[in-house]
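Structure, as structure tokens:
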Amino acid sequence: MDFSYLEALPVWQGLLVALAIVAAMELTAYATHRWIMHGALGWGWHESHHQERHGALEKNDLYAVVFAGLAISLFGLATYLGVALIFWIALGITLYGLLYFLAHDGLVHNRLPFRIVPKGGYLQRLYQAHRLHHAVEGREGCVSFGFLYAPPIRALKAQLKANRPEAKFD
């Protein structure tokens, strides 16, 4: 395969595009998680993620397949058309997918062959925020829909209390 088309964009500019796409993917993931996965349209796949796990995979993993398919298609399109910008966009989506997998599947849900136990800082806040997301049964009243950004835990607990006054989350 000929990848000479990548020379059309300096690497530093390509990396900036990829990093911007990683940030944009967090916004996309938030919106997808909040309004599609927890909405009527996507709950059929995502519901499995809010239930007890039975086996290595769950129906919710189909979302990863969709986003991976998008990135793979963009890599193919970039090569076919010879457009460097599309390559760097695909790389940004792929990097976000890797970060998502490590943070969400690895750190929070222990789907890796090793366990990460955060003792403080950003990783602990990310872990706690996602655990609070799962503190509610069903799709209504959840908090913290991002995957790499976690709001302050105190704010999430206050939001949970407002959403479900009868529940205890301390």
Side-chain angles (χ1 to χ4, degrees), residues 15-71 88-170:
L15 289 174
L16 283 178
V17 168
L19 290 176
I21 294 300
V22 169
M25 282 300 297
E26 177 64 3
L27 297 173
T28 301
Y30 176 94
T32 301
H33 191 194
R34 174 69 183 91
W35 290 293
I36 294 177
M37 292 179 184
H38 278 256
L41 181 63
W43 185 247
W45 284 4
H46 190 61
E47 182 179 21
S48 67
H49 184 64
H50 285 265
Q51 298 171 340
E52 187 177 328
R53 177 179 300 282
H54 301 288
L57 297 175
E58 54 192 36
K59 204 179 218 181
N60 183 67
D61 293 330
L62 291 170
Y63 285 111
V65 172
V66 169
F67 282 108
L70 172 64
W88 292 104
I89 291 170
L91 183 64
I93 294 170
T94 302
L95 289 174
Y96 183 84
L98 176 64
L99 292 171
Y100 164 85
F101 175 75
L102 292 173
H104 181 262
D105 290 359
L107 173 70
V108 177
H109 292 292
N110 301 310
R111 292 175 78 178
L112 296 175
F114 56 88
R115 184 170 168 83
I116 303 167
V117 181
K119 301 288 187 205
Y122 165 74
L123 289 180
Q124 185 179 37
R125 190 173 88 204
L126 189 67
Y127 176 84
Q128 289 174 325
H130 198 72
R131 298 311 301 164
L132 287 172
H133 174 77
H134 283 271
V136 173
E137 285 189 34
R139 66 184 190 171
E140 301 295 330
C142 292
V143 297
S144 189
F145 293 93
F147 293 111
L148 299 181
Y149 169 74
I153 300 305
R154 208 173 296 133
L156 291 176
K157 286 184 177 182
Q159 188 180 355
L160 273 174
K161 192 156 190 69
N163 292 351
R164 301 279 177 109
E166 76 285 356
K168 295 192 190 251
F169 302 102
D170 294 322

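Sequence positions, counted from 1, serve as the residue numbers for this chain. In what follows, every heavy atom counts, from backbone to side chain, and hydrogens, waters and symmetry copies are set aside. Computed from a predicted model, the values in this text were never measured in an experiment.
- Side chain to side chain, His49 and His133 fail the donor-acceptor criterion of an N or O pair below 3.5 Å.
- Counting heavy atoms from C-beta outward, His130 and Phe145 have side chains that stay 4.5 Å or more apart.
- No more than 12 heavy-atom neighbours from other residues, nucleotides or ligands sit within 6.0 angstrom of CD on Glu137.
- Between Arg154 and Gln159 the shortest side-chain heavy-atom distance does not fall below 4.5 Å.
- Across all their heavy atoms, Leu126 and Val108 have their closest contact at O-CG2, 4.4 Å.
- Using a distance-only test at 3.5 Å, with no hydrogens or angles considered, no donor-acceptor pair links the side chain of Glu58 to the main chain of Arg53.
- Taken to the nearest 0.5 Å, the NE2 atom of His33 stands 4.5 Å off from the CZ atom of Phe147.
- Checking side-chain atoms of Asp105 against main-chain N and O of Leu102 turns up no donor-acceptor pair under 3.5 Å.
- Classified by interplanar angle (parallel below 30°, tilted 30° to 60°, perpendicular above 60°), the ring pair Tyr63/Trp45 is perpendicular.
- The two residues Val136 and Cys142 make their nearest non-hydrogen contact at CB-SG, 4.1 Å.
- Between Ala71 and Thr94, the closest heavy-atom pair is CB-OG1, 3.6 Å.
- The CG atom of Leu98 sits 14.0 Å away from the CD1 atom of Ile93 when rounded to the nearest 0.5 Å.
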**Asked** Between Val117 and Arg115, is a side chain to side chain contact (heavy atoms under 4.5 Å, CB included) present by the stated rule, with each step listed?
**Response** CA-CA 6 Å; Val117 181; Arg115 184 170 168 83; 3.8 Å; yes
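- Residues Gly141 and Asn163 share a closest heavy-atom pair of O-ND2, 3.0 Å.
- Atom-to-atom distance recorded for Leu156:CG and Ser144:OG is 5.0 Å, nearest 0.5 angstrom.
- The side-chain heavy atoms of Arg111 and Leu57, taken from C-beta on, include a pair separated by under 4.5 Å.
- Taking CZ of Arg139 as the start and NE2 of His46 as the end, the distance is 11.0 Å to the nearest 0.5 Å.
- Under the 30°/60° scheme for interplanar angles, the aromatic rings of His50 and His38 are found to stand perpendicular.
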**Request:** List the steps and the verdict of side chain to side chain contact (heavy atoms under 4.5 Å, CB included) for Val17 and Ile89.
**Result:** CA-CA 7 Å; Val17 168; Ile89 291 170; 4.1 Å; yes
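- Considering CG of Leu112 and CG of Leu107, their distance stands at 9.5 Å, rounded to 0.5 Å.
- One finds the CG atom of Leu132 at 10.5 Å from the OH atom of Tyr127 (value rounded to the nearest 0.5 Å).
- The aromatic rings of Tyr100 and Tyr96 lie parallel to each other, with less than 30° between the two planes, well short of the 60° mark.
- Scanning all heavy atoms of the two residues, the minimum distance from Leu160 to Ala135 falls at CD1-CB, 4.4 Å.
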